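These notes concern the structure reproduced below.
We name chains A, B, ... by the order of the sequence lines, and we start the count at 1 in each one. Only a predicted model underlies this, so the values are computations on that prediction, with no experimental measurement involved. Computed from heavy atoms alone, side chains included, the values below leave out hydrogens, waters and symmetry copies.
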Amino acid sequence: MTTIKLHNTKTRKREDFVPIDPENVRMYVCGPTVYDRAHLGNARPVIVFDVLYRLLRHVYGPDHVTYVRNFTDVDDKINARAAQSGRSIGEITAETTQWFLDDMAAVGALEPNEMPRATAYIPQMIEMIEGLITSGHAYAAEGHVLFAVESYKDYGALSGRSIDDMIAGARVEVAPYKRNPMDFVLWKPSDADTPGWDSPWGRGRPGWHIECSAMSFELLGAHFDIHGGGNDLMFPHHENEIAQSCCAHPGSGFANYWLHNEMLQVEGKKMSKSLGNFFTVRDLLDQGVPGEVIRFVMLSTHYRKPMDWTEKKREEAEKTLRKWMNLTWNLQPFDAGLFEPDPKFVEAIADDLNTHLALVYLNGLTAQPQKLLDHARWLGFLSDKARLEEEKARRAYSSGSGTGASELLASLRQRMDALRNDAKLSKNFDLVDVFKAALLDAGAEVRMSKDGVEVIAGPNFDPTKLEALK
RNA sequence: GGCGAGUUGGCGGAGUGGUUACGCAGCGGAUUGCAAAUCCGUGUACAGGAGUUCGAUUCUCCUACUCGCCUCCA
(Lines give C-alpha, C1' and ligand atoms only; values in the text may rest on other atoms or scores of the structure.)
Protein backbone atom coordinates (compact mmCIF):
# COMPACT_ATOMS: atom_id res chain seq x y z
CA MET A 1 0.00 0.00 0.00
CA THR A 2 1.17 3.52 -0.78
CA THR A 3 2.51 5.38 2.22
CA ILE A 4 1.22 8.92 2.28
CA LYS A 5 3.61 11.47 3.73
CA LEU A 6 2.20 14.76 4.95
CA HIS A 7 3.75 17.84 6.48
CA ASN A 8 2.00 18.23 9.80
CA THR A 9 1.81 21.82 11.02
CA LYS A 10 1.34 20.50 14.55
CA THR A 11 4.81 18.93 14.63
CA ARG A 12 6.32 20.98 11.76
CA LYS A 13 7.58 17.72 10.33
CA ARG A 14 6.85 15.48 7.42
CA GLU A 15 5.19 12.37 8.81
CA ASP A 16 3.90 9.07 7.50
CA PHE A 17 0.13 9.24 7.47
CA VAL A 18 -1.43 6.56 9.66
CA PRO A 19 -5.21 6.73 9.80
CA ILE A 20 -7.12 6.19 13.03
CA ASP A 21 -9.42 3.83 11.16
CA PRO A 22 -8.43 2.79 7.61
CA GLU A 23 -12.07 1.83 7.07
CA ASN A 24 -13.08 5.45 7.59
CA VAL A 25 -10.43 8.08 6.98
CA ARG A 26 -11.76 11.46 8.06
CA MET A 27 -10.82 14.92 6.83
CA TYR A 28 -12.23 18.32 7.69
CA VAL A 29 -11.43 21.43 5.65
CA CYS A 30 -12.57 24.93 6.50
CA GLY A 31 -14.92 26.17 3.81
CA PRO A 32 -16.02 29.62 2.73
CA THR A 33 -18.09 32.28 4.41
CA VAL A 34 -20.85 32.71 1.91
CA TYR A 35 -21.31 36.42 1.30
CA ASP A 36 -19.70 36.89 -2.11
CA ARG A 37 -18.11 35.15 -5.09
CA ALA A 38 -15.08 33.04 -4.23
CA HIS A 39 -11.91 34.88 -5.16
CA LEU A 40 -9.00 33.08 -6.74
CA GLY A 41 -7.32 32.53 -3.37
CA ASN A 42 -10.37 30.66 -2.11
CA ALA A 43 -9.86 28.12 -4.85
CA ARG A 44 -6.39 27.12 -3.69
CA PRO A 45 -7.29 25.07 -0.61
CA VAL A 46 -10.26 23.62 -2.45
CA ILE A 47 -8.03 22.33 -5.25
CA VAL A 48 -5.20 21.25 -2.94
CA PHE A 49 -7.46 19.26 -0.63
CA ASP A 50 -9.34 17.89 -3.59
CA VAL A 51 -6.09 16.24 -4.65
CA LEU A 52 -5.59 14.87 -1.15
CA TYR A 53 -9.16 13.59 -1.19
CA ARG A 54 -8.53 11.82 -4.49
CA LEU A 55 -5.35 10.32 -3.10
CA LEU A 56 -7.03 9.09 0.08
CA ARG A 57 -9.82 7.54 -1.95
CA HIS A 58 -7.26 5.83 -4.12
CA VAL A 59 -5.28 4.41 -1.21
CA TYR A 60 -8.10 3.53 1.20
CA GLY A 61 -10.97 3.07 -1.25
CA PRO A 62 -13.62 5.56 -2.31
CA ASP A 63 -16.07 4.31 0.31
CA HIS A 64 -13.59 4.60 3.15
CA VAL A 65 -12.98 8.33 3.17
CA THR A 66 -15.19 11.01 4.68
CA TYR A 67 -14.42 14.53 3.58
CA VAL A 68 -16.28 17.38 5.27
CA ARG A 69 -16.12 21.00 4.13
CA ASN A 70 -18.42 23.49 5.78
CA PHE A 71 -20.28 26.57 4.64
CA THR A 72 -20.24 29.43 7.10
CA ASP A 73 -23.61 31.02 6.61
CA VAL A 74 -23.76 33.08 9.77
CA ASP A 75 -21.24 35.87 9.99
CA ASP A 76 -21.12 39.61 10.39
CA LYS A 77 -19.87 40.04 6.84
CA ILE A 78 -23.05 38.42 5.63
CA ASN A 79 -25.12 40.66 7.89
CA ALA A 80 -23.31 43.69 6.54
CA ARG A 81 -23.92 42.58 2.97
CA ALA A 82 -27.60 42.11 3.68
CA ALA A 83 -27.96 45.51 5.31
CA GLN A 84 -26.14 47.24 2.49
CA SER A 85 -27.93 45.46 -0.37
CA GLY A 86 -31.37 45.30 1.18
CA ARG A 87 -31.60 41.60 0.40
CA SER A 88 -32.34 38.91 2.90
CA ILE A 89 -29.58 36.93 4.53
CA GLY A 90 -31.06 33.64 3.38
CA GLU A 91 -31.18 34.82 -0.18
CA ILE A 92 -27.55 35.93 -0.10
CA THR A 93 -26.20 32.78 1.50
CA ALA A 94 -28.21 30.46 -0.75
CA GLU A 95 -27.09 32.26 -3.88
CA THR A 96 -23.45 32.48 -2.80
CA THR A 97 -23.37 28.83 -1.77
CA GLN A 98 -24.51 27.78 -5.21
CA TRP A 99 -21.98 30.09 -6.86
CA PHE A 100 -19.25 28.49 -4.83
CA LEU A 101 -20.30 24.99 -5.83
CA ASP A 102 -20.48 25.97 -9.49
CA ASP A 103 -17.10 27.68 -9.49
CA MET A 104 -15.35 24.86 -7.66
CA ALA A 105 -16.87 22.29 -9.99
CA ALA A 106 -15.47 24.35 -12.86
CA VAL A 107 -11.93 23.96 -11.50
CA GLY A 108 -12.42 20.21 -11.30
CA ALA A 109 -12.94 19.77 -7.56
CA LEU A 110 -15.01 16.80 -6.41
CA GLU A 111 -17.73 17.58 -3.93
CA PRO A 112 -16.96 16.57 -0.36
CA ASN A 113 -19.10 13.89 1.26
CA GLU A 114 -20.63 16.41 3.62
CA MET A 115 -21.06 20.16 3.25
CA PRO A 116 -22.70 21.25 6.48
CA ARG A 117 -24.06 24.76 6.93
CA ALA A 118 -23.31 26.42 10.24
CA THR A 119 -26.90 27.55 10.83
CA ALA A 120 -28.02 23.92 10.83
CA TYR A 121 -25.81 23.22 13.85
CA ILE A 122 -26.72 26.01 16.28
CA PRO A 123 -28.10 23.62 18.96
CA GLN A 124 -24.88 21.61 18.83
CA MET A 125 -22.84 24.78 19.22
CA ILE A 126 -24.93 25.88 22.21
CA GLU A 127 -24.49 22.48 23.77
CA MET A 128 -20.74 22.62 23.31
CA ILE A 129 -20.57 26.11 24.80
CA GLU A 130 -22.61 25.02 27.80
CA GLY A 131 -20.21 22.15 28.35
CA LEU A 132 -17.23 24.50 28.18
CA ILE A 133 -18.80 26.77 30.81
CA THR A 134 -19.52 23.81 33.08
CA SER A 135 -15.97 22.56 32.83
CA GLY A 136 -14.59 26.02 33.59
CA HIS A 137 -13.14 26.75 30.15
CA ALA A 138 -15.61 29.50 29.31
CA TYR A 139 -17.55 32.22 31.06
CA ALA A 140 -20.56 34.43 30.34
CA ALA A 141 -20.14 38.18 30.55
CA GLU A 142 -22.44 40.97 29.37
CA GLY A 143 -24.44 38.72 27.06
CA HIS A 144 -21.28 37.22 25.57
CA VAL A 145 -19.70 33.89 26.26
CA LEU A 146 -15.93 33.88 26.11
CA PHE A 147 -13.39 31.12 25.99
CA ALA A 148 -10.76 31.47 28.73
CA VAL A 149 -7.46 30.88 26.96
CA GLU A 150 -5.60 30.48 30.24
CA SER A 151 -7.68 27.41 31.02
CA TYR A 152 -6.05 25.53 28.14
CA LYS A 153 -2.36 25.04 28.72
CA ASP A 154 -1.47 24.26 25.09
CA TYR A 155 -3.07 27.40 23.72
CA GLY A 156 -0.83 28.72 20.94
CA ALA A 157 0.99 25.43 20.31
CA LEU A 158 -0.16 25.05 16.71
CA SER A 159 0.93 28.48 15.56
CA GLY A 160 3.97 28.61 17.84
CA ARG A 161 2.89 31.53 19.94
CA SER A 162 2.61 32.13 23.64
CA ILE A 163 -0.27 34.00 25.21
CA ASP A 164 2.15 36.54 26.69
CA ASP A 165 3.81 37.25 23.34
CA MET A 166 0.49 37.75 21.70
CA ILE A 167 -0.73 40.17 24.33
CA ALA A 168 2.50 42.12 23.99
CA GLY A 169 2.14 42.35 20.23
CA ALA A 170 -1.62 42.84 20.12
CA ARG A 171 -2.85 45.77 18.12
CA VAL A 172 -6.52 45.56 18.96
CA GLU A 173 -8.54 47.17 21.63
CA VAL A 174 -9.54 44.77 24.33
CA ALA A 175 -13.19 44.47 25.32
CA PRO A 176 -13.58 45.35 29.01
CA TYR A 177 -15.45 42.16 29.86
CA LYS A 178 -12.58 39.87 28.85
CA ARG A 179 -10.63 38.28 31.68
CA ASN A 180 -7.62 37.84 29.44
CA PRO A 181 -7.13 40.01 26.35
CA MET A 182 -6.75 36.89 24.20
CA ASP A 183 -10.06 35.36 25.30
CA PHE A 184 -12.27 34.92 22.26
CA VAL A 185 -16.00 34.97 21.67
CA LEU A 186 -18.05 31.77 21.60
CA TRP A 187 -21.42 33.50 21.63
CA LYS A 188 -22.46 37.09 21.21
CA PRO A 189 -25.75 38.94 21.62
CA SER A 190 -27.84 39.91 18.59
CA ASP A 191 -30.06 42.96 18.35
CA ALA A 192 -33.45 42.89 16.68
CA ASP A 193 -32.01 43.47 13.19
CA THR A 194 -29.38 40.76 13.45
CA PRO A 195 -29.95 37.05 13.05
CA GLY A 196 -30.15 35.36 16.41
CA TRP A 197 -31.12 32.20 18.19
CA ASP A 198 -32.42 31.70 21.70
CA SER A 199 -29.80 30.50 24.09
CA PRO A 200 -29.16 30.30 27.84
CA TRP A 201 -27.39 33.67 27.45
CA GLY A 202 -30.21 35.37 25.64
CA ARG A 203 -30.88 35.81 21.94
CA GLY A 204 -27.61 35.76 20.08
CA ARG A 205 -25.36 34.16 17.51
CA PRO A 206 -22.22 32.08 17.56
CA GLY A 207 -18.70 33.43 17.35
CA TRP A 208 -16.58 32.55 14.38
CA HIS A 209 -14.70 29.47 15.56
CA ILE A 210 -17.24 27.34 17.41
CA GLU A 211 -19.05 26.19 14.26
CA CYS A 212 -16.11 24.16 12.99
CA SER A 213 -15.66 22.52 16.37
CA ALA A 214 -19.33 21.63 16.59
CA MET A 215 -19.67 20.40 13.02
CA SER A 216 -16.47 18.36 12.94
CA PHE A 217 -17.55 16.70 16.17
CA GLU A 218 -21.01 15.93 14.82
CA LEU A 219 -19.82 14.56 11.49
CA LEU A 220 -16.38 13.13 12.19
CA GLY A 221 -16.25 12.59 15.94
CA ALA A 222 -13.98 14.03 18.63
CA HIS A 223 -10.89 12.48 17.10
CA PHE A 224 -10.26 12.44 13.38
CA ASP A 225 -7.38 12.33 10.93
CA ILE A 226 -6.82 15.47 8.92
CA HIS A 227 -7.77 19.08 9.35
CA GLY A 228 -6.94 21.50 6.57
CA GLY A 229 -7.19 25.10 5.51
CA GLY A 230 -5.24 28.17 4.46
CA ASN A 231 -2.33 29.12 6.70
CA ASP A 232 -3.98 32.41 7.49
CA LEU A 233 -6.45 30.34 9.47
CA MET A 234 -3.73 28.83 11.62
CA PHE A 235 -4.14 31.70 14.01
CA PRO A 236 -6.56 32.45 15.43
CA HIS A 237 -9.14 30.18 13.84
CA HIS A 238 -7.48 26.78 14.12
CA GLU A 239 -5.82 27.60 17.41
CA ASN A 240 -9.23 28.44 18.82
CA GLU A 241 -10.84 25.40 17.30
CA ILE A 242 -8.26 23.19 18.99
CA ALA A 243 -8.78 24.91 22.32
CA GLN A 244 -12.56 24.53 22.14
CA SER A 245 -12.60 20.98 20.89
CA CYS A 246 -9.89 19.65 23.15
CA CYS A 247 -11.48 21.22 26.22
CA ALA A 248 -14.97 20.07 25.23
CA HIS A 249 -13.74 16.51 24.61
CA PRO A 250 -10.78 16.03 26.94
CA GLY A 251 -8.28 13.43 25.87
CA SER A 252 -9.69 13.13 22.37
CA GLY A 253 -6.75 14.74 20.61
CA PHE A 254 -8.93 16.37 17.94
CA ALA A 255 -7.19 16.26 14.53
CA ASN A 256 -3.99 14.22 14.13
CA TYR A 257 -2.63 15.96 11.06
CA TRP A 258 -2.93 19.67 10.37
CA LEU A 259 -2.31 20.79 6.81
CA HIS A 260 -2.04 24.40 5.74
CA ASN A 261 -1.64 25.76 2.27
CA GLU A 262 0.33 28.94 1.64
CA MET A 263 -1.31 32.04 0.29
CA LEU A 264 -1.91 33.08 -3.27
CA GLN A 265 -0.31 36.13 -4.81
CA VAL A 266 -0.95 37.89 -8.09
CA GLU A 267 2.06 38.96 -10.14
CA GLY A 268 4.18 38.81 -7.00
CA LYS A 269 1.85 40.82 -4.80
CA LYS A 270 -0.83 39.99 -2.32
CA MET A 271 -4.21 39.96 -3.98
CA SER A 272 -6.17 42.83 -2.55
CA LYS A 273 -8.89 45.18 -3.58
CA SER A 274 -6.73 48.22 -2.84
CA LEU A 275 -3.99 47.06 -5.24
CA GLY A 276 -6.57 46.49 -7.94
CA ASN A 277 -5.42 42.92 -8.54
CA PHE A 278 -8.40 41.29 -6.90
CA PHE A 279 -10.46 38.90 -8.95
CA THR A 280 -12.78 35.99 -8.52
CA VAL A 281 -12.76 32.54 -10.03
CA ARG A 282 -15.83 33.55 -11.95
CA ASP A 283 -14.06 36.60 -13.40
CA LEU A 284 -11.44 34.30 -14.90
CA LEU A 285 -13.98 31.80 -16.19
CA ASP A 286 -15.95 34.64 -17.78
CA GLN A 287 -12.78 35.89 -19.46
CA GLY A 288 -12.55 32.50 -21.11
CA VAL A 289 -9.88 30.99 -18.89
CA PRO A 290 -10.88 27.33 -18.66
CA GLY A 291 -11.33 25.95 -15.15
CA GLU A 292 -8.73 23.30 -15.86
CA VAL A 293 -6.17 25.98 -16.60
CA ILE A 294 -6.80 27.47 -13.16
CA ARG A 295 -6.42 24.01 -11.67
CA PHE A 296 -3.20 23.40 -13.59
CA VAL A 297 -1.59 26.63 -12.44
CA MET A 298 -2.62 25.93 -8.85
CA LEU A 299 -1.12 22.45 -8.90
CA SER A 300 2.09 23.53 -10.56
CA THR A 301 3.25 25.06 -7.29
CA HIS A 302 3.63 23.05 -4.11
CA TYR A 303 0.82 23.84 -1.69
CA ARG A 304 3.13 24.96 1.11
CA LYS A 305 4.80 27.58 -1.04
CA PRO A 306 3.35 30.93 -1.94
CA MET A 307 1.60 30.54 -5.27
CA ASP A 308 2.03 33.39 -7.69
CA TRP A 309 -0.74 33.74 -10.26
CA THR A 310 0.75 35.31 -13.37
CA GLU A 311 -0.42 35.90 -16.89
CA LYS A 312 2.58 33.95 -18.15
CA LYS A 313 1.73 30.86 -16.11
CA ARG A 314 -1.83 31.06 -17.33
CA GLU A 315 -0.62 31.06 -20.92
CA GLU A 316 1.78 28.18 -20.40
CA ALA A 317 -0.85 26.09 -18.64
CA GLU A 318 -3.28 26.77 -21.42
CA LYS A 319 -0.72 25.68 -24.00
CA THR A 320 0.10 22.47 -22.16
CA LEU A 321 -3.53 21.51 -21.67
CA ARG A 322 -4.22 22.36 -25.29
CA LYS A 323 -1.48 19.95 -26.29
CA TRP A 324 -2.84 17.21 -24.03
CA MET A 325 -6.32 17.70 -25.41
CA ASN A 326 -5.09 17.55 -29.01
CA LEU A 327 -3.40 14.26 -28.26
CA THR A 328 -6.28 12.65 -26.43
CA TRP A 329 -9.62 14.11 -27.46
CA ASN A 330 -10.56 11.20 -29.68
CA LEU A 331 -9.46 8.45 -27.28
CA GLN A 332 -11.77 6.58 -24.94
CA PRO A 333 -10.83 6.97 -21.28
CA PHE A 334 -10.41 3.84 -19.25
CA ASP A 335 -13.10 3.19 -16.65
CA ALA A 336 -12.05 5.43 -13.74
CA GLY A 337 -13.04 2.82 -11.20
CA LEU A 338 -10.80 0.19 -12.75
CA PHE A 339 -7.90 2.39 -13.74
CA GLU A 340 -4.63 1.73 -11.93
CA PRO A 341 -2.31 4.72 -12.09
CA ASP A 342 1.45 4.25 -12.30
CA PRO A 343 2.91 3.92 -8.77
CA LYS A 344 5.50 6.56 -9.67
CA PHE A 345 2.71 9.03 -10.33
CA VAL A 346 0.85 8.18 -7.12
CA GLU A 347 4.04 8.29 -5.08
CA ALA A 348 4.73 11.84 -6.23
CA ILE A 349 1.33 12.92 -4.97
CA ALA A 350 1.66 10.84 -1.82
CA ASP A 351 4.91 12.64 -1.06
CA ASP A 352 3.26 15.58 0.71
CA LEU A 353 1.24 16.35 -2.41
CA ASN A 354 4.08 16.96 -4.84
CA THR A 355 1.62 17.86 -7.55
CA HIS A 356 4.24 19.61 -9.60
CA LEU A 357 6.12 16.36 -9.99
CA ALA A 358 2.90 14.64 -10.95
CA LEU A 359 2.38 17.21 -13.70
CA VAL A 360 5.94 16.61 -14.87
CA TYR A 361 5.12 12.92 -15.03
CA LEU A 362 2.06 13.68 -17.15
CA ASN A 363 4.13 15.82 -19.46
CA GLY A 364 6.41 12.87 -20.05
CA LEU A 365 3.50 10.83 -21.37
CA THR A 366 2.92 12.74 -24.58
CA ALA A 367 4.20 9.75 -26.55
CA GLN A 368 1.58 7.56 -24.82
CA PRO A 369 -1.67 9.48 -25.24
CA GLN A 370 -3.91 6.85 -23.68
CA LYS A 371 -1.80 6.74 -20.56
CA LEU A 372 -1.70 10.52 -20.50
CA LEU A 373 -5.47 10.74 -20.74
CA ASP A 374 -6.16 8.33 -17.91
CA HIS A 375 -3.56 9.77 -15.55
CA ALA A 376 -4.59 13.34 -16.30
CA ARG A 377 -8.21 12.45 -15.57
CA TRP A 378 -7.16 10.87 -12.29
CA LEU A 379 -5.84 14.30 -11.27
CA GLY A 380 -8.99 16.06 -12.44
CA PHE A 381 -7.90 17.16 -15.93
CA LEU A 382 -9.38 16.36 -19.35
CA SER A 383 -12.75 15.87 -17.71
CA ASP A 384 -15.84 14.69 -19.52
CA LYS A 385 -17.07 18.26 -19.66
CA ALA A 386 -13.88 19.60 -21.23
CA ARG A 387 -13.76 16.70 -23.68
CA LEU A 388 -17.35 17.23 -24.70
CA GLU A 389 -16.71 20.90 -25.39
CA GLU A 390 -13.67 19.96 -27.42
CA GLU A 391 -15.63 17.51 -29.49
CA LYS A 392 -18.38 20.03 -30.09
CA ALA A 393 -15.89 22.66 -31.18
CA ARG A 394 -14.16 20.24 -33.50
CA ARG A 395 -17.40 19.10 -35.01
CA ALA A 396 -18.56 22.67 -35.56
CA TYR A 397 -15.36 23.86 -37.26
CA SER A 398 -13.74 20.77 -38.61
CA SER A 399 -12.35 21.13 -42.08
CA GLY A 400 -13.88 17.83 -43.10
CA SER A 401 -17.62 17.96 -43.01
CA GLY A 402 -20.44 19.85 -41.37
CA THR A 403 -22.25 23.06 -42.06
CA GLY A 404 -21.77 26.79 -41.70
CA ALA A 405 -18.31 27.78 -40.62
CA SER A 406 -17.00 24.27 -41.07
CA GLU A 407 -18.22 24.20 -44.63
CA LEU A 408 -16.37 27.42 -45.24
CA LEU A 409 -13.21 25.94 -43.77
CA ALA A 410 -13.59 22.82 -45.86
CA SER A 411 -13.89 24.76 -49.09
CA LEU A 412 -10.95 26.97 -48.20
CA ARG A 413 -8.92 23.91 -47.43
CA GLN A 414 -9.69 22.42 -50.80
CA ARG A 415 -8.89 25.60 -52.65
CA MET A 416 -5.65 25.96 -50.78
CA ASP A 417 -4.70 22.43 -51.55
CA ALA A 418 -5.26 23.05 -55.24
CA LEU A 419 -3.43 26.37 -55.20
CA ARG A 420 -0.53 24.76 -53.45
CA ASN A 421 -0.27 21.96 -55.95
CA ASP A 422 -0.18 24.55 -58.74
CA ALA A 423 2.38 26.59 -56.84
CA LYS A 424 4.61 23.62 -56.44
CA LEU A 425 4.89 23.49 -60.21
CA SER A 426 5.08 27.24 -60.85
CA LYS A 427 7.27 27.90 -57.79
CA ASN A 428 5.11 30.92 -57.03
CA PHE A 429 3.55 30.58 -53.60
CA ASP A 430 2.23 34.12 -53.18
CA LEU A 431 -1.43 33.21 -53.43
CA VAL A 432 -1.06 30.30 -51.02
CA ASP A 433 0.62 32.58 -48.52
CA VAL A 434 -2.19 35.11 -48.77
CA PHE A 435 -4.70 32.40 -47.94
CA LYS A 436 -2.63 31.10 -45.11
CA ALA A 437 -2.14 34.54 -43.58
CA ALA A 438 -5.89 35.15 -43.67
CA LEU A 439 -6.61 31.84 -42.00
CA LEU A 440 -4.03 32.43 -39.30
CA ASP A 441 -5.43 35.88 -38.74
CA ALA A 442 -8.89 34.38 -38.21
CA GLY A 443 -7.49 32.14 -35.47
CA ALA A 444 -7.20 28.92 -37.45
CA GLU A 445 -4.27 26.57 -37.47
CA VAL A 446 -2.84 25.67 -40.88
CA ARG A 447 -0.72 22.60 -41.38
CA MET A 448 0.80 21.67 -44.69
CA SER A 449 2.55 18.46 -45.36
CA LYS A 450 3.21 15.99 -48.11
CA ASP A 451 -0.26 14.60 -47.52
CA GLY A 452 -2.02 17.89 -48.14
CA VAL A 453 -3.41 20.83 -46.23
CA GLU A 454 -5.09 20.67 -42.85
CA VAL A 455 -7.09 23.53 -41.40
CA ILE A 456 -8.14 23.44 -37.75
CA ALA A 457 -10.09 26.09 -35.89
CA GLY A 458 -8.23 27.38 -32.85
CA PRO A 459 -9.85 28.42 -29.58
CA ASN A 460 -10.33 32.03 -30.79
CA PHE A 461 -11.45 31.15 -34.29
CA ASP A 462 -13.55 33.87 -35.91
CA PRO A 463 -15.16 32.72 -39.16
CA THR A 464 -16.43 36.22 -39.99
CA LYS A 465 -12.85 37.22 -40.82
CA LEU A 466 -12.82 34.75 -43.69
CA GLU A 467 -15.78 36.18 -45.55
CA ALA A 468 -13.42 38.12 -47.84
CA LEU A 469 -11.87 34.92 -49.13
CA LYS A 470 -15.15 33.49 -50.30
C1' G B 1 7.85 44.19 17.94
C1' G B 2 6.25 38.68 17.97
C1' C B 3 5.39 34.11 14.96
C1' G B 4 5.92 31.43 10.46
C1' A B 5 7.34 30.37 5.29
C1' G B 6 10.67 31.17 1.51
C1' U B 7 15.36 32.76 -1.58
C1' U B 8 17.65 27.12 -7.33
C1' G B 9 19.71 28.69 -14.64
C1' G B 10 16.34 34.09 -19.07
C1' C B 11 11.40 32.59 -16.75
C1' G B 12 8.53 28.73 -14.09
C1' G B 13 9.75 24.88 -10.84
C1' A B 14 11.36 19.76 -8.59
C1' G B 15 15.13 17.28 -6.14
C1' U B 16 19.68 15.56 -3.96
C1' G B 17 25.59 15.08 1.22
C1' G B 18 29.42 13.38 -4.18
C1' U B 19 26.98 11.71 -10.78
C1' U B 20 23.66 19.03 -11.52
C1' A B 21 15.29 16.87 -13.08
C1' C B 22 11.60 18.70 -16.10
C1' G B 23 8.63 22.53 -18.80
C1' C B 24 8.70 27.22 -21.48
C1' A B 25 11.79 30.56 -23.96
C1' G B 26 16.82 30.61 -26.59
C1' C B 27 20.37 28.34 -29.86
C1' G B 28 21.77 24.29 -33.58
C1' G B 29 19.84 20.37 -36.67
C1' A B 30 16.07 17.02 -39.22
C1' U B 31 11.49 17.95 -41.78
C1' U B 32 8.81 22.01 -44.81
C1' G B 33 8.04 25.86 -51.07
C1' C B 34 7.94 28.92 -46.33
C1' A B 35 5.76 27.95 -41.83
C1' A B 36 3.12 25.23 -38.12
C1' A B 37 3.32 20.64 -35.73
C1' U B 38 6.74 16.87 -34.55
C1' C B 39 11.55 14.76 -33.53
C1' C B 40 16.91 15.09 -32.14
C1' G B 41 20.83 17.84 -29.84
C1' U B 42 22.55 22.00 -26.60
C1' G B 43 24.17 26.24 -22.82
C1' U B 44 23.53 28.75 -18.24
C1' A B 45 21.83 27.74 -11.28
C1' C B 46 21.52 26.40 -6.38
C1' A B 47 21.00 34.71 -2.05
C1' G B 48 25.74 35.99 0.96
C1' G B 49 29.08 34.52 5.01
C1' A B 50 30.83 31.02 8.66
C1' G B 51 30.78 26.00 10.48
C1' U B 52 30.28 20.36 10.34
C1' U B 53 32.38 16.94 6.49
C1' C B 54 37.13 13.65 2.56
C1' G B 55 33.24 16.42 -0.05
C1' A B 56 27.28 20.84 0.76
C1' U B 57 23.17 23.49 -3.61
C1' U B 58 21.53 19.66 0.00
C1' C B 59 22.93 19.60 7.39
C1' U B 60 23.90 23.72 11.44
C1' C B 61 24.39 28.91 12.67
C1' C B 62 24.47 34.03 11.26
C1' U B 63 23.30 38.05 7.73
C1' A B 64 20.47 40.15 3.79
C1' C B 65 16.14 40.20 1.08
C1' U B 66 10.97 38.61 -0.16
C1' C B 67 6.22 37.07 1.44
C1' G B 68 2.41 35.88 4.92
C1' C B 69 0.05 36.02 9.78
C1' C B 70 -0.55 38.69 14.48
C1' U B 71 -7.49 42.69 12.76
C1' C B 72 -12.41 39.97 8.91
C1' C B 73 -9.69 37.06 5.38
C1' A B 74 -8.45 30.68 2.33
Whole-Å gap separating P (B:C70) and CG (A:Leu158): 14 Å
How about A:His144 and A:Trp187: are their ring centres within less than 6.0 Å of each other? no
Any chance the rings of A:Phe100 and A:Phe71 have centres within less than 6.0 Å? yes
Students often get this wrong, so: under 4.0 angstrom with heavy atoms, is A:Lys427 touching a base, only sugar-phosphate, or nothing? nothing
Taken to the nearest whole Å, CG/A:Leu264 to P/B:A5 is 20 Å
A:Ala437: partners by side-chain contact (heavy atoms from CB on, under 4.5 Å), with sequence neighbours left out: none
Between A:Tyr67 and A:Tyr28, does the ring centre distance come in under 6.0 Å? no
List the atom pairs, donor and acceptor, that lie under 3.5 Å between side-chain atoms in residues 146-153 of chain A and the rest of the protein, sequence neighbours left out.
residue  : atom : partner  : partner atom : Å
A:Glu150 : OE2  : A:Asn180 : ND2          : 2.5
A:Ser151 : OG   : A:His137 : ND1          : 2.8
A:Ser151 : OG   : A:Ala148 : O            : 2.7

Close side-chain approach of A:Asn113 to A:Val68, heavy-atom, < 4.5 Å: no
Hits for side chain to side chain donor-acceptor pair (under 3.5 Å) against A:Asp342, two or more places apart or cross-chain, chain-then-number order -> A:Tyr361
Out of B:G33, B:C67, B:A74, whichever nucleotide has its closest atom nearest the side chain of A:Thr33: B:A74
Under 3.5 Å, is there a donor-acceptor pair linking the side chains of A:Gln244 and A:Asn240? no
Using the six-membered ring wherever Trp is involved, compare the ring planes of A:His238 and A:Trp258 and label them parallel, tilted or perpendicular (cut-offs 30° and 60°). tilted
Distance check needed: B:C67 P versus A:His260 NE2, whole Å only. 22 Å
Measure the distance from CG on A:Asp73 to P on B:C72 and round it to the nearest whole Å. 19 Å
Mark yes when over 12 heavy atoms from residues, nucleotides or ligands other than A:Arg81 sit less than 6.0 Å from its CZ; otherwise mark no. yes
Interatomic distance, A:Gln265 CD vs B:C69 C1' [rounded to whole Å]: 13 Å
Near-strand residues of residues 34-53 of chain A, defined as heavy-atom separation under 4.0 angstrom from RNA chain B: A:His39, A:Gly41, A:Asn42
Which helical stems does RNA chain B take part in, if a stem means at least 3 consecutive Watson-Crick or G-U pairs with both distances below 3.5 Å? B:1-7 with B:64-70, B:10-12 with B:22-24, B:26-30 with B:38-42, B:47-51 with B:59-63
Hey, what are the protein-to-nucleotides 10-13 of chain B N/O distances that come in under 3.5 Å?
residue : atom : partner  : partner atom : Å
B:C11   : O2'  : A:Lys312 : NZ           : 3.0
B:G12   : O3'  : A:Lys313 : NZ           : 3.4
B:G13   : OP1  : A:Thr301 : OG1          : 3.4
B:G13   : OP1  : A:Lys313 : NZ           : 3.0
B:G13   : O2'  : A:His356 : ND1          : 3.4
B:G13   : O2'  : A:His356 : NE2          : 2.7

Please tell me which of the listed nucleotides, B:A74, B:C72, B:C34, lies nearest to the side chain of A:Trp208? B:C72
How many whole angstroms separate atom CG of A:Leu439 from atom P of B:A35? 19 Å
In whole Å, what is the span from the CZ atom of A:Arg322 to the P atom of B:A37? 13 Å
Taking the side chain of A:Lys77 as heavy atoms from C-beta outward, which of B:C72, B:G6, B:A35 is closest to it? B:C72
Test of ring centre spacing under 6.0 Å for A:His260 and A:His7: no
Hey, does A:Arg420 reach any base, or is it just sugar-phosphate, or nothing, if we go heavy atoms under 4.0 Å? base
Taking 4.0 Å as the cut-off, does a side-chain nitrogen or oxygen of A:Asn326 come that near to OP1 or OP2 on B:A37? no
Categorize A:Glu315 for me: base, sugar-phosphate, or nothing, with a 4.0 angstrom heavy-atom threshold over every strand shown. nothing
Grab the CZ-P distance between A:Phe235 and B:C3 for me, whole Å please. 14 Å
Let's test your reading of the model: under 3.5 Å, does the base of B:G15 pair with the side chain of A:Asn354 as donor and acceptor? no
